[in-house]
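Please read the structure below before turning to the comments.
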Amino acid sequence: MAEQTKKITVALLLAALSFAGMFPFFTFEQSSMVSIIVFMVTLWTNEGLPLAVVSLLPIVLFPAAGILTTKETTINYANPIIYLFLGGFLIAIAVEKTGLHKIIANRMLSLFPSSVRGIIFALIITSGLLSSVLSNTTTTLLLLPIALFLTEDVKLKMRLALGIAYGASIGGILTPIGTPPNLILMGIMEEMGMQAIPFAKWVYIVSPLVLLMFIAVGFILSLGLKDMHIETDLRKDPLTGNQKKVLYVISGLIVMLLVNAPIKPYYNGLGLSEPGILLSAGLLLFMPPFSILNWMEDKDNIPYRIMFLFGAGFAIARAFTETDMATVIATYLINFSQMPLLLFILIIATMITFTTEITSNTALISIMLPILYKVAEQTAVSETLIMLVATICASYAFMLPIATPPNAIAMSSGVVRIKTMAAYGIVFNIIGIVLIVAIANLFWINVI
């Protein structure tokens with residue numbers, strides 16, 4: 001109780017200081033909004049209150065401060081992107097319930113040699129591909145026990161744990177549903193009246209980045225280790241009936257998403273709502289002939305708190321727009337946008353990547369995307385390009401355990417020290433920034 005009170009007090013103090021520092025230069029509503037965001041981000045970071053409780057605070061605090069009405073705030077908690085996530089998580093629950101994830105992991109690990117480097121690459125790629133459709137938190141929790149039983153060498157366990165955590169963060173950007181910042185980008189693009197990036201096109205444009213990061217992380221984590229063989233002893237059990245059913249649903253979902261995606265100017269797609277497609281696939285698992293999910297058994301596994309977190313993120317983005325705060329900050333960033341595009345993107349990528357290390361990437365990207373949209377709107381910079389760069393960078397924080405859930409889970413294993421994570425992490429942060437900036441300037445700029 002005393003510790004929780006202390007954390008809440010710290011959050012209130014920081015909020016009050018931020019309001020005092022902002023009020024001489026900004027309006028009351030703008031200053032209040034910033035102080036509320038500081039209060040929430042602090043509580044998200046120090047866990048002074050449960051994540052879901054903090055995520056619902058905008059419904060109370062934004063109307064009280066005259067920032068948004070209750071209706072304007074609560075409508076953000078029904079954003080279509082939230083239901084896209086819900087559909088994806090229903091599929092994830094079915095995958096876990098049937099044990100399909102273990103089969104997938106075992107089959108993928110068997111494709112690689114049993115050397116140390118081979119196993120590290122196998123875990124990174126398996127973690128990355130699973131986290132592109134499952135929660136990166138879930139993926140890390142599922143794979144970490146497998147990795148820790150592969151060897152008794154503490155140094156090697158540390159590399160394997162980091163490989164899984166970093167692989168989950170890297171692979172999370174491979175699809176629009178892989179990580180919360182991706183979903184927030186899609187939601188904000190819809191609110192701004194921008195054309196959303198189709199599922200298939202998203203995968204196409206980020207695949208080179210994911211592949212290069214897999215290679216870089218796998219190579220560096222395997223440096224200094226002898227080329228020894230590890231006996232994995234992973235069984236190749238046949239698929240059960242329920243596992244086949246879930247696999248059929250996932251395969252059908254992938255086909256629907258690919259067929260639905262337009263390929264301009266040759267094919268306009270089906271025009272169906274992607275959130276509707278994913279939610280339909282998730283709901284199908286409750287029905288015959290599948291009947292994999294049961295509401296009474298599985299409802300507690302649905303991450304309502306993450307759905308509230310998305311709602312808070314969208315509410316924050318709306319508040320930045322309604323108070324004109326995004327426009328005010330954009331006027332300062334416009335000075336940087338006069339620089340060459342390469343340098344401007346580098347500044348944005350560096351700022352987002354290292355800021356994410358100490359704050360919620362969901363909150364950060366909710367704040368920054370409306371600002372970057374305003375900056376791009378007043379310059380020749382592509383809104384989609386700069387917002388995509390920021391979104392990807394928000395997921396590529398590798399230094400600290402508080403930066404991402406996979407980092408925290410790896411730390412909880414007891415085989416990773418903060419000093420070690422920071423040493424590897426800063427290297428991967430820099431590599432990530434360089435690759436993102438290079439690919440954005442050489443590839444994304446031509447296809448977005």
Side-chain angles (χ1 to χ4, degrees), residues 78-95 100 104 128-136 171-211 244-290 292-293 302-303 306-307 310 314 369 382-385 387-388 391-392 395 443-444 446-448:
N79 190 292
I81 299 300
I82 294 175
Y83 295 95
L84 183 148
F85 173 81
L86 175 59
F89 212 89
L90 289 174
I91 295 171
I93 293 171
V95 168
L100 182 60
I104 295 172
L129 294 181
L130 286 178
S131 70
S132 69
V133 292
L134 302 176
S135 155
N136 56 14
I173 66 129
L174 188 58
T175 66
I177 63 171
T179 190
N182 297 3
L183 294 171
I184 290 171
L185 170 64
M186 300 293 278
I188 290 178
M189 288 180 73
E190 183 175 329
E191 287 185 8
M192 299 297 184
M194 301 170 62
Q195 182 177 356
I197 303 173
F199 196 99
K201 184 176 181 180
W202 180 293
V203 175
Y204 168 68
I205 63 179
V206 301
S207 291
L209 172 62
V210 171
L211 177 61
K244 289 179 180 179
K245 290 179 181 179
V246 176
L247 200 56
Y248 293 150
V249 172
I250 294 174
S251 300
L253 171 63
I254 292 172
V255 171
M256 279 297 298
L257 290 171
L258 291 174
V259 173
N260 188 59
I263 304 175
K264 302 291 185 179
Y266 309 104
Y267 176 62
N268 293 324
L270 299 179
L272 300 176
S273 161
E274 287 194 350
I277 294 174
L278 256 83
L279 185 58
S280 297
L283 296 178
L284 195 63
L285 292 164
F286 287 94
M287 306 175 190
F290 301 100
I292 301 297
L293 298 180
I302 297 174
I306 304 299
M307 296 167 69
F310 284 148
F314 294 135
L369 288 184
S382 164
E383 294 98 332
T384 304
L385 176 66
M387 291 169 73
L388 180 62
T391 300
I392 300 303
S395 294
F443 179 39
W444 295 349
N446 297 316
V447 297
I448 290 179

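Positions are given from 1, in the same order as the sequence printed here. Since the model is a prediction, treat every value here as computed from it, not as a measurement.
The distance between the ring centers of Phe199 and Tyr204 does not fall below 6.0 angstrom.
Side-chain contact between Ile93 and Ile292: absent, with no pair of heavy atoms (C-beta onward) separated by less than 4.5 Å. Using a 4.5 Å cut-off on side-chain heavy atoms (C-beta onward), Leu272 and Met256 make contact. Within the 4.5 Å cutoff, the side chain of Leu285 has no heavy atoms near those of the Lys245 side chain. Contact annotation: the side chain of Trp202 approaches that of Leu388 to within less than 4.5 Å [non-hydrogen atoms, C-beta and beyond].
The backbone N or O of Ile277 sits nowhere less than 3.5 Å from a side-chain atom of Asn260 that would complete a donor-acceptor pair. Panel note: side chain Thr175, backbone Ser132; a donor-acceptor pair is recorded below 3.5 Å. Judged by distance alone, the side chain of Ser382 and the main-chain N or O of Leu385 form a donor-acceptor pair under 3.5 Å.
Among Thr391, Val210, Asn136, the one residue that satisfies the side chain to side chain contact (heavy atoms under 4.5 Å, CB included) test with Ile173 is Val210.
Of the inter-residue distances, the one linking Leu283 atom CG with Met287 atom CE reads 5.5 Å to the nearest 0.5 angstrom. Taken from NZ in Lys244 to CZ in Phe290, the straight-line distance is 14.0 Å, to the nearest 0.5 Å. Here the CE-CD1 distance, from Met186 to Ile177, works out to 10.5 Å after rounding to the nearest 0.5 Å. To the nearest 0.5 Å, atom CG of residue Leu185 and atom OG1 of residue Thr179 are 12.0 Å apart. Note: Met387 CE to Ile197 CD1 = 9.0 Å, rounded to the nearest 0.5 Å. Atoms CZ and CG, on Phe286 and Leu293 in that order, are 4.5 Å from each other to the nearest 0.5 Å.
Looking at every heavy atom in both residues, Phe443 comes nearest to Pro208 through CE2-CG, 4.0 Å. When every heavy atom of Gly171 is checked against every heavy atom of Ser131, the shortest pair comes out as C-OG, 3.5 Å. Smallest separation of non-hydrogen atoms from Asn182 and Gly178: ND2-N, 4.3 Å. Nearest heavy atom pair, residue Ala281 against residue Leu253, reads CB-CD1, 4.1 Å.
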Report the C-alpha distance between Trp444 and Leu209 in whole Å, list the side-chain angles of each, state the deciding distance to 0.1 Å, and finish with yes or no for side chain to side chain contact (heavy atoms under 4.5 Å, CB included). CA-CA 11 Å; Trp444 295 349; Leu209 172 62; 4.2 Å; yes
I would like to know whether Met192 and Leu369 meet side chain to side chain contact (heavy atoms under 4.5 Å, CB included); could you show each step before the answer? CA-CA 11 Å; Met192 299 297 184; Leu369 288 184; over 6 Å; no
What's the verdict on side chain to side chain contact (heavy atoms under 4.5 Å, CB included) for Asn79 and Glu191, showing C-alpha distance, side-chain angles and the deciding distance? CA-CA 9 Å; Asn79 190 292; Glu191 287 185 8; 3.4 Å; yes
